[in-house]
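Here the structure is a predicted model, which means the values were calculated and not measured.
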Amino acid sequence: IGSVRGALLASLLVGVVGIRTKAPDVPAVDTALEVRRARERQLRMEGDALLRQGRVTEAYTKYEELRRLAPKSPYVTDIIQKLNAMRQQDELSKLQLTQAQAKYDEGMILFTEKKYPDAIVRFQEALAINANHVEAAAQLTLAQAEQQKNDAARQAGHQQRERGWG
């Protein structure tokens, strides 16, 4: 019985040693990679939060930084393309508002100089660029009314001259 026990103990010991030598090695944790992935997650969350707040320029900065960390990410590439389109649209909108304001300002100068036909054209141009330009709409109405008064006075004067001569 003692030798059986010894043999069983010896075979058990050989089995344990065999299992231990066959056990896969636990890979070492790549801490640098883990830190990079955590930074990517943080940038993505910050960028998404900024987008929800409508802060496109700040979100773009976050996604640009994210693209430097993950240059092959289709998600990041897609978001940056969409943000570029949004930024271009914003710039275009700002440019259009500036152009509409310039046309309005030109119209106001012409209006004060009583050059109503030219002022009307400028106010119409401002409204063609920005249909929501309330001041241009109001001034257009005033300029048209003034022009109608001038036309009516001119017509009345013309008729008086014809009556006086005829």
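At a threshold of 4.5 Å between non-hydrogen side-chain atoms, the residues Q42 and E46 count as touching. Side-chain contact between F123 and H133: absent, with no pair of heavy atoms (C-beta onward) separated by less than 4.5 Å. No side-chain heavy atom of R39 sits less than 4.5 Å from a side-chain heavy atom of V35.
Taking the ring centre of Y104 as origin, the terminal cationic atom of R122 falls outside the region bounded by 6.0 Å and 45° from the ring axis.
In terms of heavy-atom proximity, A59 sits nearest to G47 at CB-O, 3.7 Å. When all heavy atoms of I129 and K103 are compared, the closest pair comes out as CD1-CG, 4.2 Å. Residue A126 comes nearest to A136 through the heavy atom pair CB-CB, 4.0 Å, listed as atom of the first residue, atom of the second, then distance. L142 and F111 get closest at one heavy-atom pair: C-CE1, 4.0 Å.
Both Y63 and L69 belong to a common hydrophobic cluster when Ile, Leu, Val, Met, Phe, Trp and Tyr are linked at side-chain heavy-atom distances under 4.5 angstrom. By the criterion of side-chain heavy atoms lying less than 4.5 angstrom apart, applied directly or through intervening Ile, Leu, Val, Met, Phe, Trp or Tyr residues, L50 is not grouped with L43; the two fall into different hydrophobic clusters. In the hydrophobic clustering of ILVMFWY residues, with side-chain heavy atoms under 4.5 Å counting as a link, L140 and I109 come out apart. In this structure, L127 is not a member of the same hydrophobic cluster as V121, with clusters built from ILVMFWY side-chain heavy atoms closer than 4.5 Å.
Between the side chains of N150 and E146, not a single donor N or O lies within less than 3.5 Å of an accepting N or O. If you check the side chains of Q101 and D105, you find a donor sitting under 3.5 Å from an acceptor. Residues Q144 and Q148 bring no donor and acceptor atom of their side chains to less than 3.5 Å of each other.
Residues D151 and R154 are paired through a salt bridge, judged by an N-O separation under 4.0 Å between the basic side chain and the carboxylate. Between E40 and R36 there is a salt bridge, since a side-chain N of the basic residue sits under 4.0 Å from a carboxylate O of the acidic one. Salt bridge R67/E64: present, at least one basic N to carboxylate O contact under 4.0 Å.
In this structure, CG on L66 lies 12.5 Å from OG1 on T61, to the nearest 0.5 angstrom. Note that the CG atom of L110 and the CD atom of Q139 stand 12.0 Å from one another [nearest 0.5 Å]. Considering CG of N84 and NZ of K82, their distance stands at 13.0 Å, rounded to 0.5 Å.
The main-chain N or O of A70 is never found under 3.5 Å from a side-chain atom of S73 such that the two would form a donor-acceptor pair.
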